[in-house]
> 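Attaching a single structure in structure tokens format; questions to follow.
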Amino acid sequence: MARILITSAIPYINGIKHLGNLVGSQLPADLYARYMRARSHEVMFICATDEHGTPAELAAAKAGKPVAEYCAEMWQVQKNLSDGFRLSFDKFGRSSSPQNHALTQYFAGRLAENGYIEEVTEKQVYSNADGRFLPDRYIEGTCPNCGYEKARGDQCENCTKQLDPTDLIDPRSAISGSTDLEVRETKHLYLRQSLLKDRLDEWIASKTDWPVLTTSIARKWLHDGDGLRDRGITRDLDWGVPVKRGDADWPGMEGKVFYVWFDAPIEYIAATREWADAEGLGEAAWRRWWRTDEGADEVRYVQFMGKDNVPFHTLSFPATIIGSGDPWKLVDYIKSFNYLNYDGGQFSTSQGRGVFMDQALEILPADYWRWWLLSHAPENSDSEFTWENFQSSVNKDLADVLGNFVSRVTKFCRSRFGEAVPEAGSYGPGEAVVAAELTERLAAYAAHMEAIDIRKAAAELRAIWVAGNEYLQEAAPWAVFKEDPDRAAAIIRFSLNLARFYAVLSEPFIPDASATLLKALKAEDAAWPQDVDAALSALPAGHAFDVPENLFRKITDDERAAWQERFAGGRG
RNA sequence: GGGCCUGUAGCUCAAUUGGUUAGAGCAGAGCGCUCAUAACGCUUUGGUUGGGGGUUCGAGUCCCUCCGGGCCUACCA
């Protein structure tokens with residue numbers, strides 16, 4: 001048994017996430033966590049909300065609420081949706097937690113002691129009307145290059161030229177539209193990650209088994225221009241972790257907070273501490289996952305994230321950990337994902353285009369989405385959600401192949417033998433062939449899950465389901481029953497055991513259907529099969545069961561058409 | 001502008017990292033079965049691997065070039 005630490009990129013607090021966000025980190029992380037638990041490993045699966053930063057403050061203001069209250073409410077909304085999708089976090093924390101405040105300040109203090117923090121005075125645009133400093137992209141104006149009137153302070157969307165906010169003609173606040181802007185001096189802390197460039201470079205170079213997507217982004221940042229640049233880790237905002245040096249005040253930094261991307265990854269650690277605190281456990285309970293001098297040297301740490309998060313997880317966060325000089329656990333493997341597109345374009349929050357987590361659960365149970373999203377996870381390139389594809393995957397894979405297999409076996413048994421596993425007859429060569437095939441497929445399935453090859457694992461699982469229908473067709477118990485009822489009994493006993501076997505193997509992908517099936521079969525043993533022959537005898541002769549309701553219903557053409565229209569966007 | 005990824009059957013994706021005749025699922029066609037959610041099984045039709053050139057005994061895979069799609073480019077997170 002091993003110990004596996006799994007973190008999913010933490011979703012931003014501002015609003016409900018869409019299916020692309022879900023499949024980019026939380027859902028595959030959940031699949032992996034469930035699989036590792038099923039294999040009897042000790043798992044710590046961590047997620048949280050990322051609550052700081054300008055967008056959270058603006059969203060709260062728009063909602064007319066104090067930002068703390070807004071975040072607390074949105075945390076609950078996201079927590080409910082996580083539960084709805086059966087995301088099996090051991091802790092769904094909050095980056096605004098006291099634990100994260102303390103740890104973030106601690107890390108900053110350690111980095112300062114070790115010479116990795118620099119104080120820099122710089123000029124930034126301040127909006128008098130908004131009463132705040134404006135991030136570059138919150139300043140709009142006319143592009144000096146192409147004349148586009150809605151160019152942002154960091155880049156012109158029209159001509160793609162990179163800009164400095166002071167380049168803009170007629171600059172105004174993107175928040176209020178106010179032109180009452182001025183340039184003020186402000187002091188910030190910079191993380192001197194350039195000093196760690198060689199160590200990070202060496203570390204990344206050693207990760208030869210990581211996805212290309214992960215390492216190529218890291219290498220680009222390490223080698224672009226003059227190499228890895230230092231990074232500002234503080235902001236002039238109200239909502240965030242106050243800048244402190246450990247427990248001590250930081251002279252000159254009063255009223256400032258740490259930058260969201262400094263405190264967000266630290267929340268992985270802090271959330272584990274939140275878990276330990278909530279469980280009434282001591283310090284050692286969380287530290288054994290994170291401190292290599294306190295047990296974490298035996299931990300395998302795997303992170304899941306969308307490609308936009310890669311630089312922070314491959315560079316900034318490791319720089320924070322290495323720079324602390326403490327034996328904190330560094331990530332062992334990073335699984336990164338491309339984006340999921342929606343029906344020929346992108347998901348769009350502002351245009352209401354695409355399916356969002358709350359809407360998805362309104363129209364269909366979580367398993368339907370989990371299956372489609374995971375079996376089409378954007379691992380190698382951006383992938384595409386279409387309603388036609390979704391409908392055919394759900395109807396074919398879940399309803400026809402798996403659901404109908406369970407249905408035909410349990411109902412046939414009920415009508416011929418009653419609602420208990422039939423006793424007569426014994427397994428023969430036909431069953432041995434299937435068991436041999438399944439032994440091979442089970443090994444392949446496990447190998448893909450270990451390697452986090454999600455689509456391949458899904459394809460293998462489907463093939464395992466199909467094997468049941470092939471067997472049933474070949475064995476034809478409905479015909480055999482007329483001549484040799486004992487033989488038919490053995491076939492059905494084997495098939496009922498296949499159904500239990502499927503419930504166990506499918507749990508990481510479709511936990512609800514798996515639970516429903518196990519319950520109907522009254523199966524006490526849901527352990528991962530060590531031996532396929534043994535597993536296919538787990539339900540003994542005479543074992544009573546219930547015929548379950550259909551595990552999955554089909555999506556009709558009318559529903560598909562209606563949903564396609566409803567989620568097309570255009571603010572309708 | 002720079003960097004990276006990507007283009008394979010009507011659709012969604014594979015192809016053991018340069019190795020026989022490029023494979024699956026869905027959709028289409030035919031046959032079979034009647035236990036089951038009009039479900040299942042078997043057979044089968046679909047490809048100049050975006051175009052062109054090159055390296056090699058051998059290229060979907062490597063190189064050059066052109067065309068298309070996407071992401072990143074450090075103050076959104």
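These figures come from a predicted structure and were not determined experimentally. Numbered from 1 within each chain, the chains take letters A, B, ... in sequence-line order. All heavy atoms count here, side chains included; hydrogens, waters and symmetry mates do not.
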> Only stems of 3 or more consecutive Watson-Crick or G-U pairs count here, both distances under 3.5 Å; name the ones for RNA chain B, or none.
B:1-7 with B:67-73, B:10-13 with B:23-26, B:28-32 with B:40-44, B:50-54 with B:62-66
> Can you list the residues that meet the salt bridge (Lys or Arg N to Asp or Glu O under 4.0 Å) rule with Lys187(A), with sequence neighbours excluded?
Glu119(A)
> Only counting residues at least two apart or in another chain, list the ones meeting side chain to side chain contact (heavy atoms under 4.5 Å, CB included) with Ala56(A).
Tyr12(A), Ile13(A), Trp239(A)
> Each nucleotide N or O in nucleotides 29-35 of chain B that has a protein N or O under 3.5 Å away: list the pair and distance.
{"residue": "rG32(B)", "atom": "N2", "partner": "Gln473(A)", "partner atom": "NE2", "Å": "3.1"}
{"residue": "rC33(B)", "atom": "O2'", "partner": "Trp478(A)", "partner atom": "NE1", "Å": "3.4"}
{"residue": "rC35(B)", "atom": "O2'", "partner": "Arg408(A)", "partner atom": "O", "Å": "3.0"}
{"residue": "rC35(B)", "atom": "O2", "partner": "Arg408(A)", "partner atom": "NE", "Å": "3.0"}
{"residue": "rC35(B)", "atom": "N3", "partner": "Arg408(A)", "partner atom": "NE", "Å": "3.4"}
{"residue": "rC35(B)", "atom": "N3", "partner": "Arg408(A)", "partner atom": "NH2", "Å": "2.5"}
{"residue": "rC35(B)", "atom": "N4", "partner": "Arg408(A)", "partner atom": "NH2", "Å": "3.2"}

> Donor-acceptor pairs are to be reported for all side-chain atoms of residues 458-467 of chain A against protein atoms at under 3.5 Å, with residues two or more places apart or in another chain.
{"residue": "Glu460(A)", "atom": "OE2", "partner": "Arg441(A)", "partner atom": "NH1", "Å": "2.8"}
{"residue": "Arg462(A)", "atom": "NE", "partner": "Asp397(A)", "partner atom": "OD1", "Å": "2.6"}
{"residue": "Arg462(A)", "atom": "NH2", "partner": "Asp397(A)", "partner atom": "OD1", "Å": "3.2"}
{"residue": "Trp465(A)", "atom": "NE1", "partner": "Ser506(A)", "partner atom": "OG", "Å": "3.0"}

> Looking at the angle O4'-C1'-N9-C4 for a purine or O4'-C1'-N1-C2 for a pyrimidine, is rG46(B) syn or anti, with syn meaning within 90° of 0?
syn
> Holding to side chain to side chain contact (heavy atoms under 4.5 Å, CB included), I want the full list of residues that pass it with Ala503(A), two or more places apart in sequence or in another chain.
Ser514(A), Leu517(A), Leu518(A)
> Any N/O pairs under 3.5 Å between the protein and nucleotides 44-46 of chain B? List them or say none.
none

> Listed by chain and number, what are the salt bridge (Lys or Arg N to Asp or Glu O under 4.0 Å) partners of Lys17(A), not counting sequence neighbours?
none
> Going by side-chain hydrogen bond (donor to acceptor under 3.5 Å, both in side chains), name the pairs with one or both residues in residues 478-498 of chain A, residues two or more places apart or in two chains.
Glu431(A)-Arg487(A)
> Tell me yes or no: between the side chains of Ser95(A) and Asn100(A), is some donor less than 3.5 Å from an acceptor?
no
> Just the atom pairs and distances: protein N or O near nucleotides 2-10 of chain B's N or O, under 3.5 Å.
{"residue": "rC4(B)", "atom": "O2'", "partner": "Ser216(A)", "partner atom": "OG", "Å": "3.3"}

> Go through Asp154(A) and Arg152(A) one step at a time and tell me if the salt bridge (Lys or Arg N to Asp or Glu O under 4.0 Å) criterion holds.
CA-CA 6 Å; Asp154(A) 57 340; Arg152(A) 291 186 321 211; 3.4 Å; yes
> Check whether any side-chain N or O of Tyr368(A) sits under 3.5 Å from a backbone N or O of Arg553(A) as a donor-acceptor pair, and report yes or no.
yes
> Taking the side chain of Asn550(A) as heavy atoms from C-beta outward, which of rC13(B), rU37(B), rC26(B) is closest to it?
rU37(B)
> Given rG41(B), rA77(B), rC71(B), which nucleotide is nearest the side-chain atoms of Val260(A)?
rA77(B)
> Run the side chain to side chain contact (heavy atoms under 4.5 Å, CB included) test against Arg229(A) and tell me which residues pass, sequence neighbours left out.
Asp224(A)
> Can you tell me whether the base of rU6(B) sits syn or anti, using the 90° cut around 0 to define syn?
anti
> Arg94(A): which residues meet the salt bridge (Lys or Arg N to Asp or Glu O under 4.0 Å) condition with it, sequence neighbours left out?
Glu51(A)
> Is Arg172(A) paired with Glu140(A) through a side-chain N to carboxylate O contact shorter than 4.0 Å?
yes
